[in-house]
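Before any comments, here is the structure.
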Amino acid sequence: KSISADGRQIDKPENFNLPANYNSLQFQFLPVDANPFSLPVIYYKLEGYQPNFITLKDSTVVSFSKLQSGHYRLIAKTMDANGIMSEEKN
């Protein structure tokens with residue numbers, strides 16, 4: 001749903017570059033499920049930083065701080081209440 005760096009909103013989140021002096025990066029997800037009574041489970045990984053998916057529990061926000069200079073790609077997927085896994089999204 002949204003991306004911010006050092007508290008500043010990123011206007012074009014599809015592909016962006018940050019200056020080296022930025023210290024934090026925050027992603028907010030907007031999970032969608034056909035069942036209005038349950039939220040899907042969100043899994044994410046930051047390629048170039050994490051090798052495996054991490055389960056995001058009790059939140060829709062993930063934050064990273066003190067990332068080294070480099071190229072990263074956030075990948076997310078969800079699992080609905082029926083155990084059906086979505087496709088991976090960048």
Side-chain angles (χ1 to χ4, degrees):
K1 179 181 176 183
S2 69
I3 301 172
S4 60
D6 279 0
R8 297 177 189 102
Q9 186 75 24
I10 303 295
D11 292 328
K12 296 184 180 183
E14 295 81 26
N15 189 8
F16 59 93
N17 294 306
L18 295 176
N21 63 329
Y22 278 57
N23 292 321
S24 67
L25 192 56
Q26 185 177 63
F27 298 88
Q28 182 176 16
F29 298 101
L30 179 61
V32 177
D33 192 338
N35 182 347
F37 301 106
S38 69
L39 286 176
V41 178
I42 300 169
Y43 300 90
Y44 71 91
K45 71 177 175 179
L46 188 62
E47 280 188 346
Y49 182 71
Q50 300 163 311
N52 301 312
F53 280 94
I54 296 173
T55 305
L56 185 59
K57 297 180 181 180
D58 302 322
S59 180
T60 59
V61 176
V62 62
S63 298
F64 300 96
S65 61
K66 300 181 183 177
L67 290 172
Q68 298 293 321
S69 179
H71 297 278
Y72 301 96
R73 183 170 73 132
L74 182 72
I75 300 174
K77 58 185 179 179
T78 60
M79 183 171 58
D80 69 15
N82 297 320
I84 298 172
M85 192 69 72
S86 72
E87 294 182 19
E88 295 179 3
K89 302 285 183 181
N90 299 342

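Source: prediction; values computed, not measured. Heavy atoms only: backbone and side chains are in, while hydrogens, waters and symmetry mates are out.
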Side-chain heavy atoms under 4.5 angstrom apart, residues restricted to Ile, Leu, Val, Met, Phe, Trp, Tyr: same cluster for Tyr49 and Leu56?
yes
Not counting sequence neighbours, list each pair that qualifies as a side chain to side chain donor-acceptor pair (under 3.5 Å) and has a residue in residues 60-72.
Gln26-Ser63
Between Leu67 and Val61, is there shared hydrophobic-cluster membership here, with clusters defined by ILVMFWY side-chain heavy atoms closer than 4.5 Å?
no
What are the two closest heavy atoms between Gln9 and Ser2, and how far apart are they?
NE2-CB, 3.4 Å
Atom OG in Ser4, atom CG in Leu25: separation rounded to 0.5 Å?
7.5 Å
Given 3.5 Å as the limit, does a donor-acceptor pair link the side chain of Asn82 with the main chain of Ile84, or not?
no
For the student: nearest non-hydrogen atoms of Ile10 and Ala5, plus distance
CD1-CB, 4.0 Å
Kindly indicate whether the side chain of Asn21, heavy atoms from C-beta on, has any atom under 4.5 Å from the side chain of Asp6.
no
Just to verify, what does Lys77 make a side chain to side chain contact (heavy atoms under 4.5 Å, CB included) with, not counting sequence neighbours?
Tyr43, Phe53, Met85, Ser86, Glu88
Look up atom CD1 in Ile42 and atom CE in Met79, then write down how far apart they are to the nearest 0.5 Å.
12.0 Å
ILVMFWY cluster, Val41 and Ile75 together (side-chain gap under 4.5 Å):
yes
Take Phe29 and Thr78 through the test side chain to side chain contact (heavy atoms under 4.5 Å, CB included) and record every step on the way to the result.
CA-CA 10 Å; Phe29 298 101; Thr78 60; over 6 Å; no
Non-neighbouring partners of Gln50 that pass side chain to side chain contact (heavy atoms under 4.5 Å, CB included), sequence neighbours left out:
Tyr44, Lys45, Leu46, Ile54, Phe64
